[in-house]
Amino acid sequence: MAAAPALKHWRTTLERVEKFVSPLYFTDCNLRGRLFGASCPVAVLSSFLTPERLPYQEAVQRDFRPAQVGDSFGPTWWTCWFRVELTIPEAWVGQEVHLCWESDGEGLVWRDGEPVQGLTKEGEKTSYVLTDRLGERDPRSLTLYVEVACNGLLGAGKGSMIAAPDPEKMFQLSRAELAVFHRDVHMLLVDLELLLGIAKGLGKDNQRSFQALYTANQMVNVCDPDQPETFPVAQALASRFFGQHGGESQHTIHATGHCHIDTAWLWPFKETVRKCARSWVTALQLMERNPEFIFACSQAQQLEWVKSRYPGLYSRLQEFACRGQFVPVGGTWVEMDGNLPSGEAMVRQFLQGQNFFLQEFGKMCSEFWLPDTFGYSAQLPQIMHGCGIRRFLSQKLSWNLVNSFPHHTFFWEGLDGSRVLVHFPPGDSYGMQGSVEEVLKTVANNRDKGRANHSAFLFGFGDGGGGPTQTMLDRLKRLSNTDGLPRVQLSSPRQLFSALESDSEQLCTWVGELFLELHNGTYTTHAQIKKGNRECERILHDVELLSSLALARSAQFLYPAAQLQHLWRLLLLNQFHDVVTGSCIQMVAEEAMCHYEDIRSHGNTLLSAAAAALCAGEPGPEGLLIVNTLPWKRTEVMALPKPGGAHSLGLTPSPGDSAQHGLCSCSSPNLAAAPAAPAACVRSARAPTDSASRPPPTKTDGSVTLDNGIIRVKLDPTGRLTSLVLVASGREAIAEGAVGNQFVLFDDVPLYWDAWDVMDYHLETRKPVLGQAGTLAVGTEGGLRGSAWFLLQISPNSRLSQEVVLDVGCPYVRFHTEVHWHEAHKFLKVEFPARVRSSQATYEIQFGHLQRPTHYNTSWDWARFEVWAHRWMDLSEHGFGLALLNDCKYGASVRGSILSLSLLRAPKAPDATADTGRHEFTYALMPHKGSFQDAGVIQAAYSLNFPLLALPAPSPAPATSWSAFSVSSPAVLLETVKQAESSPQRRSLVLRLYEAHGSHVDCWLHLSLPVQEAILCDLLERPDPAGHLTLRDSRLKLTFSPFQVLSLLLVLQPPPH
Ligand SMILES: [Zn+2]
């Protein structure tokens, strides 16, 4: 029996135990030094290097050359394959034998042609168990392969994690040997470390803390590292301590294994595929050894990659999913950014994701999972609801720089009033290790004490993959029910949320967006990615619409469902939270641009195919098909192609054409009549003279005035806006004595997260960019279009040119901008001081809009010094306002009366080349009377983003124009028309509409398509059993509440013959 403790000194007792388990000190005589017993080198080690990521079958055919421990290999992103031939000494019969492998590159062990375990030093996986207990008759010789990637868990940053990767980095194999592993020593070490954690964590005011310390001290007394027969006595002391249970009110921690794998970030997409294999095969191995271990895995895209690249591993994942140990979560294609994707794109994240999970794992996910995203749109609760999800897990708001978010468990009420149950693991991490410190933090940090008695605890290395370890599991299992600590159970997210739901009466509610007070630079960084995102969202919208119309009108047309799914998945992939945000390395940005290029080129091919089908069989000469893909009448000036590649302007369609309203596919008969010179035939001659743009007079002082009868724009000789008048009312929109279209440059040096963060203090470095008088020149001299242009030197290295354009009939003035940008840590914005006073500005978000303050009263107000918006923002007072529209920007702010659009940043990490080069973008300014809703700001922003299409019609275009859809209320927008994912004979369409004004509305949807049946459905296109709608006179009556999104299934009549 152990002697009674003689020591009464806290510190010496504690440190004595620490030294007994230390991996650094006294390993010659302490317990840690006995973790491994005998060792021997591997029999033969050989390797080869390749720049490619080869499949196993191909790799093992290659020429392996002799290799040895200490060898270095590289460079970055290459792969070194090792063949490891080993023979276990006969003397080790009865022992647990490991292959000990240490390398700074991420490794994957292959055995008998299948991946079996990841080996990653940074992920504390340096040991592969060859046998739990070597039997007398077990084969002792074996050949393994280890595929080592030339990158670490977090890429290969030069000097710091987020620095651009070092292309020349070399990696090393520092250990490869066989060793006997002492499991009993390991378990004692786990216990002693937990006891130390309890002693330290509970502190000197707590009796249980001393009990833990003295238990550990006694264990050291009885335990002789050289005599394993002493271990059971020590183990018994620990068991007695951990077996002393807590009371009924104990908090319960639900520990779920997890491995956050960024789909691309500091490494390319292709490496992520291997990260998934390394991480998940390791998790599977843990599931086999620990039947109670549950692992949550998100992101359908990653599973799809593993399915195609590692089919054997994938079928085992499916097996463990059936057992309930491998739990798909999230419901989305990737863990997308929560701010920038359009509403429709967010719906598609779930549509692609949930359908994948259903098809591959037999059920959809019941919780949305986005632990690492930079803010969460107020529209997400409604989107979740529509996709069969009522629960949401995240934790990123713990990164708030200014305000501490007041909840960990709460109801989140979205823009339309939809509510979901949200849980943020109170330990503020998704990469826990199972330590006592983390367990105690989970309880202490919980902001909903007394309201929620259950918490999530996500354990496993994350970001770069890695995942849980056996040691983490051993810790958590030991802590299942110990007095002084919360109860710990290995649980699924479903169990956690069920427990939270069953006791949710006391929970508070948070209304509106979950704004992350950090990473606000991600709305702007990598402008080309942002532009690709907006443009490709438009292209897919237009392709789906035209293809749907072609499907309805043509018996022969085949809806390109498979191609569209492929293109959508590329777009969704790019919306990953480190890609569309611009916080990725150069290599990823280049891959993302290739994805956009694919969508553009294939999308244009699909548009042409649909146009051809729409023209087929109609009488009339060949020409151009003019298509308006928006559900309201438009009369706009268009640049129409002329032979030889030139363009000329046309007003399309001409005013007064009653047929031109609605979502219409139309071709002007005049156009079609003279295909060689279409522009000449556009009804420009009929442009009403009262609203024509008058020739822009250039005054002697060098200023230019543009006037189209709706607005009058006055530019000073350097291109700044000195006046913007709403002609009918004479109302001036620019603040007195101020100038708009003022470019401003800021120093942009964050504290650490370069591509991510713009800090509040950047506002103190504001420098207006001043142009030179005389640079302003008249562009187009009136007629259908008036324009002026100018050059502006931003800095010695960067310059800008801009064309300011005002069209006939257009309620806004456009600013086409080209920038050659060669800066470091600068931020370019453009400002418009408005003659408007309001404490709130309005910003467009997914399927709606919201208000944010224009002042810095409280910390919650000023923390939003840089916010995100989609296509428009507006500052209105009673009766008048000024809206700022854009075609590819997301960063914005309104402070006081100044509307400011964020244009370009120049961060250097993790991509040193980010945003360097040429940029093109357009923003527009729209003064309006009344509210922005009544003034049509929303429609104007759509028009700017969805130009009329002029598609070459290879066969005769329809002689008369027609409209497929229109909606009777301007408050209701028809956002999407597509083929239903699954429909009999493929003749069902899905329409998605939303209420955009923030009002209760009854409206009529007019349809001119051959519709047989109309049924309300959810966002996953599942019909609502009570949702049959009556079709009367080709109209459907629809009722909306504010910001409600409605989806309809339209069953088309059989095709015409
Ligand atoms: Zn992440």
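Atoms within each ligand, like the ligands themselves, are counted from 1 in listed order.
Of all the N, O or S atoms in His577, the one closest to the Zn ion (ligand 1) is NE2. Restricting Asp262 to its N/O/S atoms, the shortest distance to the Zn ion (ligand 1) is reached by OD1. With respect to the Zn ion (ligand 1), Asp372 has OD2 as its nearest N, O or S atom.
A donor-acceptor distance shorter than 3.5 angstrom exists from the side chain of Glu438 to the backbone of Ser435, with no hydrogens or angles considered. In this structure a side-chain-to-backbone donor-acceptor pair under 3.5 Å is missing from Asp262 to Trp265.
For the pair Ser366 and Arg391, the minimum side-chain heavy-atom distance is below 4.5 Å.
Here Asp463 does not reach the Zn ion (ligand 1): none of its N/O/S atoms is less than 2.8 Å from the metal.
Aromatic ring centroids of His577 and His519 lie 6.0 Å or more apart.
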